[in-house]
Amino acid sequence: MSENLSTSRKEKNEDEVTAGLNTEGLNKSPQEVSESDARKDSLQSIENLEMAGKSSTRSLGKKDELIIGLNTEGLNEIPHEVTEADASKDILQSFESFQIIEGLSTSMSNEKEDYENIADCRDDGMMVLPQEVFETDSKRDTIQSAENFEIDEVFSTSVLPEKKSDEFPADLNAEGLMELSQKISERDVGKDTLCSLENLEVFQKLSTSVLQETGDDEITTDLNAEELNQIPQETVEGDAKRNQLQSEENPEIAEKVSTHILHAGKHEEFMVKLNAKGLREIPQVVFEIQTLKYLHLNNNEIKTLYKNLGNLTNLEILSIEGNGLIALPPEISLLHKLRVLNISHNQLSCLPKELSKLVNIKQLFVSHNNIEEFPAALEGLETLESLDLAVNNLKTLPENMVSMKNLNVLNLDSNQILIFPKVLCYLPNLIKLSISGNLIQGLPKDIKELRRLQVLLVNHNKLIFLPVQLFQLAKLQKLRLDDNKLDVLSDKVENLQELRVLSLANNLFRSISEKLCNCIMLERLILRGNQLTHLPNRMHRLKHLRELCISRNQMDNLDEQISRIKDLSIIEASGNALTCIPVEIKNCMQIIKVDLSYNKLPQFPVGLCALVALKILNLSGNYISEIITEISFIENLEHLELSRNKLSSFSEHLCRLIKLIYLDLSENEINSIPKEVSNMKYLQVLLLYHNKFVSFPRELCALNSLQTLDLSENQIQCIPSDICNLQVIKDLNLSNNQLVSFPSEICHLSSLEKLKLCQINGLKLTKLPEELSKLTCLRELDISHNALKEIPEGIGELKHLVSLTANNNYINQLPRSLTSLSDLQQLNLSGNQLICLPSDLQHLQSLKDINFDGNPLIRPPQEVCKGKQLYTIVRYLESADERDGKILQKILKIISGNVSFENFEFFCQKLQFNNAEIKSLENNRSLVLEEKILQALESWKSENQALTPAEMTDQLIRVLTMTGMHYLTNKVKALKLYTQSLKF
């Protein structure tokens, strides 16, 4: 037991106490503790608590705060100032087979300050640009103030991904702008000094019905960074921990915790996080915390909420996402202080009418359910500011929805809406509307009434036209119309003077209105996947444009006016028919990414060589045959792709790109590497597959930072010993080469994590070396499509192996050590010659993906393996072992009754008995001959416990054959064949 106490000295205006129950690791069950012991310990704890309280009162004469159970997990994603705890208590209690650790720390705040948070990221995840609004699948809504106003997406750009967050949102303010997180500042807190270490130990005891957690048990304030914008006010950081123990014999989760632990101090605020604990119901102890404010129960198995939920009258945030709930209880109406309710990813088909009594509700998340009609209860929620009904089965919206005057964020993605609901146009405070992934064919003229709308997402619908009234939305900053059937953009688009992001990807546009160039605040223009042959003539007027995406169109040239857009950072023009790039592009000195892949460029664009800020360049799929000298001027280049060109050599000019990290030269005609490659000291990924190499380039062995090397699809015959110099190599692919044998030199690459030697088109390998066991870091091994007959026993030394792919070989037996690979998750042995599987497959507890198809399996038969379920296979093998054991005993009795006295000595010699042992048996007059033989066989069986019963039977058949007892041999064989033919 240890205690560590420190106190801060500032004055405080009110007490704040935050407690958290930590049940992480609930499914790990230590030893069962009897209920009588639990009651005894609880009484003792309460008595000692009183003693501790009295001592504490004597030590400090003023009212203090005790902060229990907050952790800061998740807070670092939001710009809070969270100071280190000024006070902490560590108490270690050992109680029979479990440990209870309670950490006490404080960090409280009485200063509150709004902040602005802009999340900028690219939709492809490749690049992040400062002060730019990027699309994301699911991001936290933030609205920036008037001086520099940028908007990030609230909801999924199409269909919301099926992922369940442990975090959820807080409030939006009544003015329609997001109420952002409160800054947490230091606040000094007084602490009661607990009387003695002995009383502290008793103070920390939990009743024995509690489940113990064995992992990290810090409780976190779990906020959804994707959809929630506010940390609950007065959030306090701390390290208090709650342990819960689970009984091995009872899979149900214990419901009781010592109440004296929960009420050890004066609590005004609590938070409980029980995410992903396998809970089937809410622990009863939760309902005893009358001051509970924040309750997280995400990703459990809670199907029903009971009436006592109404006891939590101080609850402000409730998240029960991802549980399979089929209904909410009417008692939810008693949660009058509830501000945020997250019931996404469940099986709800309706909401109770009592929900309308939640007079303080501001954010409601009901996505990924089975709701077919708009819940009538929501119409009365006049305080609601944010509503998420994405991924349900809604077809229409009621006219009464117009009463939801304060609604400013609405997500209706991925429903079954055929006609844009006009009622939406009369929600006066609506700021963000996402109605993507529906079946809408047109927008109503009334959309002009959404005068405050700033974000409109209507992608993945069936729009064929846009009403001119859409362009009267003067405050619109982000407009996404991807994946529709639009072919015309009205000239009225120039009215959108605040527009920052416009995405028209994957439509039918052949041209874009020149008036678009009057939207001078535009920063991001996405036009990929259309039929454009040219860009508007006045593109240069878009002075703030940072990203231009025109990939997959029909352009044969890139207008030089682009060079006049000085702030341009990203150009994506892949999949066109470009034959040249204007040299004037060199004036775009801010460009960091250029994608010109799969065009018709005959030579390396010279203008790109002046882009000193360029970091990512993709020129794959062109007709470039030579690398120009000037490429060395791109001194900050880190990522270069030149695959599928006409390069005949690895140019030494590339070797001057000393900051290069990623280089793809695959599918060219390269056959050698220059020695200058050693200058590329930072190169980590090198792809050279499908070239003309006939030997492993020794020059590559000087790349000390290389982590990934792909030389597959070449004609390499051997590997140099110098390969051992690649001391940090992790991923090596040598598939489809002409290696005569497995290159043992590879076995010296101790850092290797992934090795691929699949020989579909190459020379087949016939044997794996025992040295393979030296690759102790190996996680993935692919030796498929070879001519291997066995896997070496050394495979068992690869303790970190996660994936073994050895399909399409001639393997007829698996090594015993295979079952010691406890981390193995994927095993593919299809298309081999396996007859039986090892009996101890159950030791592969991590195995998830197995494939034994295409083997002549007898034990177990192929029918058992077709389901690819480890449990089924293991159960069969256990039954087979039990049966084989009985058969073996029968065979031992048959043999003992049929070996003659003349054959006894010779038979024992074949069983590997020495002369002394044989004489001892012969001289034992207390046993008849049959008993002597049976004793010898039992002794032999004990010496061969490593063998399965079936293997012992086979060995006995060989012994009988050697002793010339053919009649007995045939009798045993017949019994074996008969039992194998039986189905069970």
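Keep in mind it's a predicted model, so treat the numbers as computed, not measured.
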Visitor: Are any non-hydrogen side-chain atoms of Ile435 and Ile417 less than 4.5 angstrom apart?
Guide: yes
Visitor: I'd like to know whether NZ of Lys395 has more than 12 heavy-atom contacts from other residues, nucleotides or ligands below 6.0 angstrom.
Guide: yes
Visitor: To the nearest 0.5 Å, how far apart are CG in Leu384 and CG in Leu355?
Guide: 9.0 Å
Visitor: Would you say the side-chain atoms of Asn429 pair up with the backbone N or O of Lys405, donor to acceptor, closer than 3.5 Å?
Guide: yes
Visitor: So how far is it from Leu297 CG to Ser319 OG, rounded to the nearest 0.5 Å?
Guide: 8.0 Å
Visitor: Does Asn300 reach the main-chain N or O of Gly278 with its side chain, forming a donor-acceptor pair under 3.5 Å?
Guide: yes
Visitor: Tell me, yes or no, whether the heavy-atom count around Glu373 atom CD, taken from other residues, nucleotides or ligands under 6.0 Å, exceeds 12.
Guide: no
Visitor: Hey, does the side chain of Thr383 reach the backbone of Val359 with a donor-acceptor pair shorter than 3.5 angstrom?
Guide: yes
Visitor: Using only atom types and a distance under 3.5 Å, with no angle test, would you say the side chain of Asn370 pairs donor to acceptor with the backbone of Cys350?
Guide: no
Visitor: Judged by atom type as modelled, is there a donor-acceptor pair below 3.5 Å linking the side chain of Asn411 to the main-chain atoms of Leu389?
Guide: no
Visitor: Under the 3.5 angstrom rule, does the side chain of Ser846 hit a backbone N or O of Ser822 as a donor-acceptor pair?
Guide: yes
Visitor: Check the pair Ile332, Lys357 against side chain to side chain contact (heavy atoms under 4.5 Å, CB included), reporting the backbone distance first and the verdict last.
Guide: CA-CA 9 Å; Ile332 198 169; Lys357 297 180 181 179; over 6 Å; no
Visitor: Has Lys303 got more than 12 heavy atoms of other residues, nucleotides or ligands less than 6.0 Å from its NZ?
Guide: yes
Visitor: Keeping the roles fixed (side chain from Asp388, backbone from Ala390), state whether a donor-acceptor pair exists under 3.5 Å.
Guide: yes
Visitor: To the nearest 0.5 angstrom, please state how far the CG atom of Asn360 sits from the CG atom of Leu335.
Guide: 11.0 Å
Visitor: Would you say the side chain of Ile302 lies within less than 4.5 Å of the side chain of Leu305, judging by non-hydrogen atoms?
Guide: yes
Visitor: Work out which heavy atom in Leu348 is nearest to a heavy atom in Ala327; give both atom names and the distance.
Guide: CD2-N, 3.3 Å
Visitor: Which pair of heavy atoms, one from Leu397 and one from Phe374, lies closest together, and at what distance?
Guide: CD2-CD1, 3.6 Å
Visitor: If we count only N and O atoms by modelled type, under 3.5 Å, do the side chains of Asn308 and Gln284 hold a donor and an acceptor together?
Guide: yes
Visitor: Side chains of Leu364 and Val340: does their closest heavy-atom pair fall under 4.5 Å?
Guide: no
Visitor: CG of Leu334 to CG of Leu309: how many Å apart, nearest 0.5 Å?
Guide: 8.5 Å
Visitor: Which pair of heavy atoms, one from Pro329 and one from Pro352, lies closest together, and at what distance?
Guide: O-CG, 4.3 Å
Visitor: With a 4.5 Å limit on heavy-atom distance, are the side chains of Leu341 and Phe365 in contact?
Guide: no
Visitor: Do Ser403 side-chain atoms and Glu379 backbone N/O form a donor-acceptor pair below 3.5 Å?
Guide: yes
Visitor: Decide yes or no for Leu338 and Leu318: does some side-chain heavy atom of the first lie under 4.5 Å from some side-chain heavy atom of the second?
Guide: yes
Visitor: Between Met401 and Leu410, which heavy-atom pair has the shortest distance, and what is it?
Guide: CE-CD2, 3.7 Å
Visitor: Donor-acceptor pair, Asn346 side chain versus Asn369 backbone, under 3.5 Å?
Guide: no
Visitor: Quick one: does any side-chain atom of Asn392 pair with a main-chain N or O of Val366 as donor and acceptor, under 3.5 Å?
Guide: yes
Visitor: Looking at CD1 of Ile289 and CG of Leu295, how far apart are the two atoms once the value is rounded to the nearest 0.5 Å?
Guide: 8.5 Å
Visitor: Without hydrogens or angle criteria, can the side chains of Lys293 and Asn314 be said to hold a donor-acceptor pair below 3.5 Å?
Guide: no
Visitor: Can Arg339 and Glu316 be counted as an ion pair, charged N to O under 4.0 angstrom?
Guide: yes
Visitor: Minimum heavy-atom separation for Lys353 to Ser356, with atom names?
Guide: O-OG, 2.8 Å
Visitor: Give the intermediate values and the outcome of side chain to side chain contact (heavy atoms under 4.5 Å, CB included) for residues Val391 and Asn415.
Guide: CA-CA 5 Å; Val391 197; Asn415 279 280; over 6 Å; no
Visitor: Please report the closest heavy-atom contact between Asn406 and Glu382, naming both atoms and the distance.
Guide: ND2-O, 2.7 Å
Visitor: Kindly indicate whether the side chain of Pro283, heavy atoms from C-beta on, has any atom under 4.5 Å from the side chain of Leu274.
Guide: yes
Visitor: When you check the side-chain N and O atoms of Asn342 and Glu321, is any donor under 3.5 Å from an acceptor?
Guide: yes
Visitor: Could you tell me the separation between the CG atom of Leu407 and the NZ atom of Lys362, rounded to the nearest 0.5 Å?
Guide: 13.5 Å
Visitor: Dump the intermediate steps for side chain to side chain contact (heavy atoms under 4.5 Å, CB included) on Leu387 and Val409, then the final yes or no.
Guide: CA-CA 6 Å; Leu387 175 60; Val409 175; over 6 Å; no
Visitor: Do Leu394 and Asn438 touch side chain to side chain, with heavy atoms closer than 4.5 Å?
Guide: no
Visitor: Assess whether side chain to side chain contact (heavy atoms under 4.5 Å, CB included) is satisfied between Asn299 and His345, documenting all intermediate values.
Guide: CA-CA 9 Å; Asn299 303 324; His345 292 274; over 6 Å; no
Visitor: Is the shortest side-chain heavy-atom distance between Ile320 and Leu325 below 4.5 Å?
Guide: yes
